[in-house]
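Below: the structure, in C-alpha cells.
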Amino acid sequence: MDLIHELTEYFRKFPGIGPKQAQRFVYHLLRQDTYTLQKISSAIAGIKKNVRTCAGCFRFFMVRQDEKKCSICSSKNRSQATLMIVANDSDVESMERSAAFDGQYFVLGGLVPILNKNPEEKVRLNELRKLVEASPDLREIIIAVNANPEGEHTLNIVRAKIADVAEKIGAKITTLGRGLSTGAEIEYTDSETIKNALRNRF
Ligand SMILES: [Zn+2]
C-alpha cells in the first residue's frame with residue numbers, strides 16, 4: 001500500500017470521517033512544510049506517554065509532573081458538593097467554556113446505545129457508583145447528557161445505577177432543564193444555552 005493510501009485509511013477510522021474527507025486530510029498534510037509535519041508526528045507519538053486518564057473524573061489530561069488528577073479535580077477552588085456527569089471529554093470543555101459550573105465532573109466515556117444489554121461494559125457506571133458512595137459531601141448530582149433518545153436512555157440508566165447510593169449520602173439527582181432544545185448535543189451548544197439549561201435544571 002502506498003503512503004497516501006495508508007494514511008487515508010487511518011483517517012477514515014476517525015469518528016465521522018468519510019473517504020473523501022480522509023483523502024483531503026492527507027493532501028492537506030502533503031502541503032505542509034517538514035517542520036510542521038515533524039511537530040504533528042511527535043505530538044501523535046507523545047500522546048500515549050504524556051496524556052493520562054484522570055483518577056478523579058476520568059477525562060484525559062496532559063501530565064506535567066506525574067500527577068494522577070487533572071487540574072479541575074485537583075483545584076481547591078471548586079465545590080465538592082456538586083458532581084456533573086457527562087458523556088465525553090468534549091462536554092467538560094463546553095461546560096467549562098460556559099463558566100456556569102464550579103463543581104466536579106465525571107466522564108462516562110460515551111452514551112449507552114439504546115439496545116445495549118451490558119451498559120456497564122460500555123460506560124463507567126461501576127466507577128461512578130463507587131465514586132458517589134465514597135463522596136459523603138455531595139449534595140447534588142447533575143446528569144448532563146444530550147437531549148436525544150440515546151441521551152434519555154443513558155440518563156435513565158445512570159439514574160437507576162446510582163439512585164440508592166445518592167439517597168444514602170443525601171444527594172439529589174437533577175438533570176439539565178429545557179433551554180437545551182430537543183436533539184441538542186452539548187458539544188455543539190453555545191455557552192449561553194448551556195447556562196440556561198443549568199439554571200433551569202430539575
Ligand atoms: Zn479530573
Side-chain angles (χ1 to χ4, degrees), residues 14-15 43-112 119-147 150-151 154-155 157-166 168-176 180 184-191 193-195 197-199 201:
F14 283 30
I44 293 174
I47 212 167
K48 273 283 176 195
K49 203 172 75 197
N50 302 318
V51 178
R52 184 178 282 177
T53 306
C54 173
C57 66
F58 288 90
R59 74 189 183 110
F60 291 116
F61 75 104
M62 181 83 190
V63 180
R64 306 209 182 268
Q65 297 165 324
D66 202 39
E67 65 274 39
K68 303 282 181 277
K69 290 188 175 182
C70 75
S71 58
I72 298 177
C73 289
S74 37
S75 165
K76 303 237 177 314
N77 300 322
R78 301 187 69 110
S79 163
Q80 300 288 331
T82 338
L83 176 72
M84 183 185 288
I85 302 167
V86 296
N88 296 305
D89 288 53
S90 49
D91 300 327
V92 174
E93 276 160 37
S94 304
M95 287 294 164
E96 286 299 286
R97 259 199 312 274
S98 81
F101 180 69
D102 76 335
Q104 309 294 317
Y105 290 102
F106 183 89
V107 179
L108 286 169
L111 293 169
V112 183
E120 276 83 3
E121 286 170 15
K122 185 80 186 139
V123 302
R124 302 184 182 102
L125 290 170
N126 294 329
E127 292 87 342
L128 172 64
R129 193 180 155 87
K130 242 182 248 157
L131 175 76
V132 174
E133 263 177 324
S135 310
D137 295 336
L138 269 186
R139 288 297 157 262
E140 183 180 0
I141 301 168
I142 308 166
I143 308 175
V145 285
N146 297 339
E150 229 178 31
T154 306
L155 171 73
I157 285 182
V158 169
R159 202 197 288 270
K161 184 76 185 182
I162 58 170
D164 60 330
V165 280
K168 210 155 130 196
I169 61 163
K172 63 173 176 180
I173 300 176
T174 61
T175 181
L176 291 185
L180 203 64
E185 296 192 18
I186 293 171
E187 184 179 356
Y188 304 113
T189 302
D190 64 275
S191 293
T193 310
I194 286 181
K195 262 184 213 157
L198 255 180
R199 210 174 291 129
R201 65 187 186 267

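Each ligand, and each atom within it, is numbered from 1 in the order the structure gives. Computed over heavy atoms, backbone and side chain alike; hydrogens, waters and symmetry mates excluded. Along the sequence shown, residues are numbered consecutively beginning with 1.
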One should read off an interatomic distance between Thr189 OG1 and Arg97 CZ, to the nearest 0.5 angstrom, of 10.0 Å

I want to check something: taking the side chain as every heavy atom from C-beta on, are Cys70 and Arg59 in contact at a cut-off of under 4.5 Å?
yes

Just checking, any donor-acceptor pair under 3.5 angstrom between side chains of Gln80 and Ser135?
no

The Zn ion (ligand 1) neighbourhood, protein N/O/S only, threshold under 2.8 Å
Cys54 SG, Cys57 SG, Cys70 SG, Cys73 SG

Any pair with a residue in residues 68-102 that passes ring pair (Phe, Tyr, Trp, His ring centres under 6.0 Å), sequence neighbours left out, goes on the list, sorted by first then second residue, please.
Phe101-Tyr105

Side-chain (Thr175) to main-chain (Ile143) donor-acceptor, under 3.5 angstrom:
yes

Within the structure provided, determine whether Phe106 and Met84 are in side-chain contact (heavy-atom separation under 4.5 Å).
no

